[in-house]
Amino acid sequence: KREFVISFIFFALALLSYLFLDKVGPFTGNPFLDAAMQLVTTIGDFVSLFVIGILLVVYAFLWKKKALKKQSLFFLFAHLVNSVLILILKTSIGRERPILGVEDTASFPSGHASQGIFTAKIFGTWYPKFRIALYTFAALSAFSRIYFGLHYLSDIFAGFGISYLTAAFFLVLYDHYVMKTQRKSS
């Protein structure tokens with residue numbers, strides 16, 4: 001399927017960047033870009049995306065948006081599972097960050113890249129008119145990590161590959177179980 005091809009491309013890019021082009025960044029020094037990248041990196045982390053998911057749930061319940069309610073609850077669950085998977089991989093692999101001592105978690109795979117591509121794939125599938133904006137934000141969030149020297153390029157591509165595939169898996173589950181249940185009750 002297309003998702004496997006795209007994930008394979010991300011994994012191939014991760015391997016190529018690991019072998020030939022891994023160390024890039026940091027690029028800091030421009031106050032405007034530093035501030036912009038800090039905003040992007042903050043919005044792109046697990047907590048921020050989880051809070052956005054919770055806000056979507058609250059909005060869906062208050063304004064009785066049934067489809068959004070199911071989607072946002074499913075997203076929160078899937079997002080949590082994806083995050084645990086990435087955390088297990090980070091802990092198991094234990095790759096040090098390019099700039100040591102900046103953050104106390106491991107570098108590989110990038111959590112920000114993972115969260116960004118996961119969110120873009122899920123919501124971009126459900127809401128295609130926002131797809132370009134979602135994928136653009138995912139790319140900016142991932143680049144912000146290289147910008148600050150917190151990740152190698154291979155960390156980013158590996159995070160993209162893992163979470164793109166994970167998101168595709170969860171979308172199949174959503175279509176099969178959640179939508180099937182909805183069609184039966186109609």
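Heads up: numbering here begins at 1 and tracks the sequence. All heavy atoms count here, side chains included; hydrogens, waters and symmetry mates do not.
- Taking both residues in full, the closest heavy atoms of S7 and G161 are given as OG-O, 3.3 Å, listed atom of the first, atom of the second, then distance.
- Listed for the K90 side chain is a donor-acceptor partner under 3.5 Å among the backbone atoms of A106.
- To the nearest 0.5 Å, atom OG of residue S154 and atom CG of residue L16 are 10.5 Å apart.
- A distance of 10.0 Å separates CG of L56 from CG of L73, quoted to the nearest 0.5 Å.
- Legend: residues meeting side chain to side chain donor-acceptor pair (under 3.5 Å) with S83, ordered by chain and number and at least two apart, are Q115.
- Annotation: side chain of V5 is not in contact with side chain of F8 (no heavy-atom distance under 4.5 Å).
- L68 places a side-chain heavy atom less than 4.5 Å from the side chain of Q71.
- One hydrophobic cluster holds both Y59 and L62 under the rule that ILVMFWY side chains link at heavy-atom gaps under 4.5 Å.
- Two residues are said to be in side-chain contact when any heavy atoms from C-beta on lie closer than 4.5 Å; M37 and T41 fail this criterion.
- For an aromatic pair to be called close, the ring centres must be under 6.0 Å apart, and F75 with F123 satisfies this.
- Heavy-atom contacts from other residues, nucleotides or ligands closer than 6.0 Å to CG of L15 number more than 12.
- Counting heavy atoms of neighbouring residues, nucleotides and ligands inside a 6.0 Å radius, atom CZ of F4 does not exceed 12 of them.
- For an aromatic pair to be called close, the ring centres must be under 6.0 Å apart, and Y174 with W126 satisfies this.
- No chain of hydrophobic side-chain contacts below 4.5 Å, direct or via other Ile, Leu, Val, Met, Phe, Trp or Tyr residues, connects F118 to V84.
- Heavy-atom minimum distance, S114 versus G159: OG-CA, 3.3 Å.
- The structure places CD1 of I122 at 9.5 Å from OG1 of T166, a figure rounded to the nearest 0.5 Å.
- In the hydrophobic clustering of this structure, I156 groups with I43; members are Ile, Leu, Val, Met, Phe, Trp, Tyr whose side-chain heavy atoms approach within less than 4.5 Å, directly or through other members.
- The shortest side-chain heavy-atom distance between V57 and K69 does not fall under the 4.5 Å cut-off.
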Pair V40-Y147, side chain to side chain contact (heavy atoms under 4.5 Å, CB included): steps then yes or no: CA-CA 11 Å; V40 168; Y147 180 86; over 6 Å; no
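- D155 places a side-chain N or O within 3.5 Å of a backbone atom of Y152 that can act as its donor or acceptor partner.
- Between the CG atom of L39 and the CG atom of D34 there is a distance of 12.5 Å, given to the nearest 0.5 Å.
- Using a 4.5 Å heavy-atom cutoff, the side chains of L150 and S107 are not in contact.
- No donor-acceptor pair under 3.5 Å is formed between the side chain of T119 and the backbone N or O of G116.
- Taken to the nearest 0.5 Å, the CD atom of E3 stands 7.0 Å off from the OG1 atom of T125.
- The hydrophobic cluster containing L153 does not contain I93, counting ILVMFWY residues as joined when their side-chain heavy atoms lie under 4.5 angstrom apart, directly or transitively.
- Residue S110 holds its OG atom at 7.5 Å from CZ of R97, rounded to the nearest 0.5 Å.
- Connection of I9 to I117 is established within a shared hydrophobic cluster, with ILVMFWY side chains joined at heavy-atom distances below 4.5 Å, either directly or through further cluster members.
- Side-chain contact between F11 and I162 is present, with at least one heavy-atom pair separated by less than 4.5 Å.
- For F10, the ring pair (Phe, Tyr, Trp, His ring centres under 6.0 Å) partners at least two apart in sequence or on another chain are F160.
- Ring-plane geometry between F170 and F77 is classed as perpendicular, the angle between the planes exceeding 60 degrees on a 0 to 90 degree scale with a lower cut at 30.
- Put simply, the side chain of S144 gets close to the backbone of S141: a donor and an acceptor are under 3.5 Å apart.
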